[in-house]
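Accompanying notes for the structure given below.
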Amino acid sequence: MKKKKKRIHLIIGWILVAALAIVLFPDKNIALQAEHPHLGQLSTRTIISPINFDIPKSRLEIESERARAAEKVSAIFEFNSDETNRISEDLKQFLGKLEQYGKLQNQINYAYEEDDELDSSVQRKVQQASKLYEVLKQRLSITAIKPLSQNSKARDSIMSAFNTMLAKGISNTFVAKTETEVQLFSNTHNIQNVKSLIYNKPTVSLIKDSEEITLETGEIQPLQRRIEEAFSGLQSAFPTEQGLQSAFYEVLYVFSLPNVFYLEKETETRKQEAQNKVTLIKGMVPRGMEIVTQGAPVTKDILEKIEALQQAQQKEENSRTLTAPYGQALVFFIIISAFFLFFMFSPATKMFKSARQLWSLVILAILQLLAFWGIHFLTDSLIRVEGTLIPEGVEMMWLYPFAISPVIATVLYDQRIGIAFTAFSAMIFGILNGYDLAAMVCVFAVMLILIYPLVRIRYRVQFVWSILAGVVGLAGAISVMFLLRNRLELEPFYLTLIAGSINVVTCSAIASVLFIHLIERIFGITTVLTLMEMSDFNRPALKRISELAPGTFHHSIQVSNLAEKVADSIGANSLLVRVMALYHDIGKTMRPEYFTENQKQGVNPHNSLDPAQSAKIIVGHVEQGAVLAKDFKIPMLVASAIQEHHGTTLIQYFYAKAKEQAEINGTTANEADFRYTGPKPQSKETAILMLADIIEATSRSMTDQNPESLATMIHNTIQGRFNEGQFSECDLSIKELFKLEKAFLHSLDGTYHTRVKYPGQK
């Protein structure tokens, strides 16, 4: 699913969820509730600010802060990649001409030694060399051209040193701490006008490839110093060859140009922006802050705060009843916007292969809002009814079903999305309880504890451990809330804990029994629980493989064991890889005898077929596997491995055989007829399966299975698939490939370890 299409669906869901939240919770009393003291606070003895107000700064304070703000801005430099490539290519082309000139000179000299009379071909070479020489001497002296044209190692060294110098960056500005340092630099290098920057900060900002990074100031060096660094290294490489050293120095000065530029305007703009951000107030008293305790001495500062508070309250009284619903709508919109922006830019959404799966996120967010609304409406009704069934002293806030969407999201998707729903649910929970920050933080902690046992769930008993952990976390959260409100008593505590525990148990039970299964079916999502069920060998598809293609079934088990072990090394979904491996060769059951692992007594039906026909049968097991996957209703997440585990690789054996026949018959073999149709692996899991499949098969055919041979085979296999571009469409990094190589070796080395011979064995 393309990013653009994915974002369109998320934006539609964003608008829908935001509109629903605003419609469901329009009550201004939720916002105004935050102004009232909580139970247990000594509001009668203190003055608490119900709004925010500012304390203005003096002019001197403002000027001082603006100067400090500007001083904090780092100098901005830009690494120009286009200029870097141009400079490097200029030297590369020139060295190429030097190489060509050297070769021509050698050929001419050889011709002179062999024959005093020059034929026409040699004369042409003399003319070519003469033309090249005229071009070369326009930029280098004669003493530099000759040694460089005859020494390929020297040319490679200067090119390498030059590229290293460009990579470090050649600044057009000399960064110095004092004017004296600038003058000393100017005198040392005999430069009249040095473009310099007096700068005392330890770091600068460098914009490179549209990204801004922080560098130590010492890493920004001008042309002269970069040349000195490069020349020093070349001197060490050629310590006795004075002619080459002179040529090196000449080349560096002729071809070196700045590729790092000081952005003075950008730096000044940022300084100005930093100065403009300095506020005109020296402090703010937030809503809910204690201004003064009754009986305490009243200072000037306190008087200013009280007067400002009185003025602000007069303005607020006239407008807050009208603006509260709008402010609340804006808060809901901000929270929901942050929630959906996470999914727009998070790599976690890569698991969604279709719009239908993506909409499950929207439906789950709507489900959480509806659950909150239902309990909010119910608790409001119960509070108004006398003789309610809920005992007095129970905190009604703990009846809100805050855990339902985090539990479902963690099981359906993964931990990252589960935490996103946890944050979403906690913030809505805090709003519904009078914008209570402490309540929001406590319930967020409870949900983190609750969902932790459900991460990569494999057994339904983990729901029980989740509930127990959630109840323990709930007890701690209720204790904190009661302590903050100065009402920690045994009876209200255990009554509230019982009510909250019932809430947690109900949410987890409904989520596990009803909603997870329902959302999984409706939106085509494959959960860990489904994968566990699919790994059962009694499943119809696996029984078909074991009965019709026992060799393939054994191979699939070995591949699944190998792939599962190595997947953990890079944090991939090991269970998904295992299940993919079990089903990846189901297409071989259509013609099992055409695959080596199923052939008995050396009978190979390919011996009587044309290589192209054999290749068509081999390739066909992928297409037939996709058809069988639909027949057996194998989930798309697992079925994708059937088509991707060979990518677009070449069937080497039959292609080589076809080329041999083509040479005999005087024809050509079409490589496309011997390639799998793909697609290439689209995920880390299918890429791991591709490697495990070929590595397991290759290791079985090896006669020498010592660690060195296995290591070589694994490295060559991974390198070969990488060079073929099989991993170009998945997010598998080079670093992860190295980890996989080690993991494969460790796993196979354990499988083929040397065993002690028993008595009587030969």
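What you see below is based on every heavy atom in this structure, not just the backbone, and it leaves out hydrogens, waters and symmetry mates.
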Practice task
Please name the pair of heavy atoms, one in M440 and one in M427, separated by the smallest distance, quoted to 0.1 Å.
Solution key: SD-CG, 3.6 Å
Completion exercise
So CG of L358 and CD1 of I8: to nearest 0.5 Å the spacing works out to 11.5 Å
Handout entry: Verdict with reasoning, Q726 to T648, per side chain to side chain donor-acceptor pair (under 3.5 Å)
Key = CA-CA 7 Å; Q726 297 300 320; T648 57; 3.1 Å; yes
Practice task
Can you measure from CG (L206) to CD1 (I76) and round to the nearest 0.5 angstrom?
Solution key: 9.5 Å
Problem - Residues, nucleotides or ligands: over 12 heavy atoms within 6.0 Å of Q462 CD - result: yes
Practice task
Could you tell me whether the side chain of S508 and the main chain of V505 form a donor-acceptor pair under 3.5 Å?
Solution key: no
Exercise for the section: Check whether any side-chain heavy atom of I363 sits under 4.5 Å from a side-chain heavy atom of F523, and report yes or no. Expected result: yes
Exercise for the section: Drop me the distance from K277's NZ to E273's CD, to the nearest 0.5 angstrom. Expected result: 6.5 Å
Exercise for the section: Can you establish whether the number of heavy atoms outside F722 located under 6.0 Å from its atom CZ is more than 12? Expected result: no
Problem - Nearest non-hydrogen partners of I449 and G470, listed with the distance - result: CG2-N, 4.5 Å
Handout entry: F345 side chain near F340 side chain, heavy-atom distance below 4.5 Å
Key = no
Exercise for the section: Just do the side-chain contact (heavy atoms from CB on, under 4.5 Å) check on I570 and L732 with the steps written out, would you? Expected result: CA-CA 9 Å; I570 62 170; L732 200 61; 3.7 Å; yes
Problem - N/O donor-acceptor pair under 3.5 Å between S337 side chain and F333 backbone - result: yes
Practice task
Ignoring hydrogens and angles, tell me if any N or O in the side chain of S535 forms a donor-acceptor pair with the backbone of M532 under 3.5 Å.
Solution key: yes
Problem - Note: E212-R270 ion pair, threshold 4.0 Å (strictly below) - result: yes
Practice task
Give a yes or no answer on whether the side chain of E564 reaches the backbone of R578 with a donor-acceptor pair at less than 3.5 Å.
Solution key: no
Exercise for the section: Report the distance from atom CG of L341 to atom CD1 of I336, rounding to the nearest 0.5 Å. Expected result: 12.0 Å
Handout entry: Check: H376 side chain, F372 main-chain N or O, donor-acceptor pair, under 3.5 Å
Key = no
Problem - Residue pair I11 / M344: nearest heavy atoms and the distance that separates them - result: CG1-CE, 3.1 Å
Practice task
First locate atom CG of L364, then atom CD1 of I408, and finally report the distance between them rounded to the nearest 0.5 Å.
Solution key: 5.0 Å
Problem - Trace of the side-chain contact (heavy atoms from CB on, under 4.5 Å) decision for W398 with L497 - result: CA-CA 8 Å; W398 298 107; L497 179 59; over 6 Å; no
Exercise for the section: Begin with the C-alpha distance, continue with both residues' side-chain angles, and end with the deciding distance and a verdict on side-chain contact (heavy atoms from CB on, under 4.5 Å) for I207 and L263. Expected result: CA-CA 10 Å; I207 300 173; L263 304 181; 4.1 Å; yes
Problem - Distance-only side-chain donor-acceptor flag, Q682 / S640, under 3.5 Å - result: no
Practice task
Compare all side-chain heavy atoms of C730 with those of K680 and state whether any distance is below 4.5 angstrom.
Solution key: no
Exercise for the section: Could you label the plane-to-plane angle of the F25 and F332 rings as parallel, tilted or perpendicular, counting under 30° as parallel and over 60° as perpendicular? Expected result: parallel
Exercise for the section: Using atom types as modelled and distance alone, determine if a side-chain donor or acceptor of H517 lies under 3.5 Å from a backbone N or O of L514. Expected result: no
Problem - Ring center gap for F339 and F421 short of 6.0 angstrom - result: yes
Practice task
Could you check if a side-chain atom of I417 sits within less than 4.5 angstrom of a side-chain atom of F343, using non-hydrogen atoms only?
Solution key: yes
Practice task
Would you check if D414 and N573 make a side-chain contact, meaning some heavy-atom pair closer than 4.5 Å?
Solution key: no
Problem - Heavy atoms of other groups near F342 CZ, more than 12 under 6.0 Å - result: yes
Exercise for the section: Look only at the side chain of E65 and the backbone of V278, and say whether a donor-acceptor pair between them is shorter than 3.5 Å. Expected result: no
Problem - Rounded distance (nearest 0.5 Å) linking atom NE2 of H646 with atom OG1 of T677 - result: 10.5 Å
Fill in the blank from the handout: Nearest heavy-atom contact between C442 and V480 is SG-CG1, 3.8 Å
Practice task
Please check if the side chain of D209 supplies one atom and the backbone of E211 the other of a donor-acceptor pair under 3.5 Å.
Solution key: no
Exercise for the section: Run the salt-bridge test on K684 and E736 with the 4.0 Å N-O cut-off and return the result as yes or no. Expected result: yes
Problem - F515 and L412, any side-chain heavy atoms less than 4.5 Å apart - result: no
Exercise for the section: Measure from the side-chain N and O atoms of S205 to the backbone N and O of S74, and report whether any donor-acceptor pair falls under 3.5 Å. Expected result: no
Practice task
Using atom types as modelled and distance alone, determine if a side-chain donor or acceptor of N503 lies under 3.5 Å from a backbone N or O of Y400.
Solution key: yes
Problem - Any donor-acceptor N or O pair under 3.5 Å, side chains S360, Y413 - result: yes
Problem - Worked verdict on V17 versus L20 for side-chain contact (heavy atoms from CB on, under 4.5 Å) - result: CA-CA 5 Å; V17 173; L20 180 64; 5.6 Å; no
Completion exercise
In terms of heavy-atom contacts, G647 and M690 come closest through N-CE, 3.5 Å
Exercise for the section: Compare all side-chain heavy atoms of S683 with those of T686 and state whether any distance is below 4.5 angstrom. Expected result: yes
Exercise for the section: Determine whether I478 and L474 make a side-chain contact, defined as any pair of heavy atoms from C-beta on separated by less than 4.5 Å. Expected result: yes
Handout entry: Smallest separation among heavy atoms of R356 and I522, with atom names
Key = NH1-O, 3.2 Å
